[in-house]
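Numbering of residues begins at 1 and proceeds along the displayed sequence.
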Amino acid sequence: MHPILREIFLEPVGWLAIGGSLVMLILGLALGVYVRCKVRAAVRATQQQDPP
């Protein structure tokens, strides 16, 4: 096995790096979805208040 892959998959530090990367990825995606949902709700609310 390649030394870098061995370090990532067989050492605790590698698993912490993988876990930290996944947490950052999931938080980024969740924040993006949350903000997008809030923006859409705000746009709907303003369109309902001021119909053209």
Donor-acceptor pairs under 3.5 angstrom involving side-chain atoms of residues 19-41: please list them, not counting sequence neighbours.
| from | atom 1 | to | atom 2 | distance (Å) |
| --- | --- | --- | --- | --- |
| Ser21 | OG | Ala17 | O | 2.8 |

Any side-chain heavy-atom pair from Phe9 and Ile18 closer than 4.5 angstrom? yes

So which pairs with a foot in residues 20-29 pass salt bridge (Lys or Arg N to Asp or Glu O under 4.0 Å), sequence neighbours left out? none

Glu11: partners by side-chain contact (heavy atoms from CB on, under 4.5 Å), with sequence neighbours left out: Arg6, Glu7

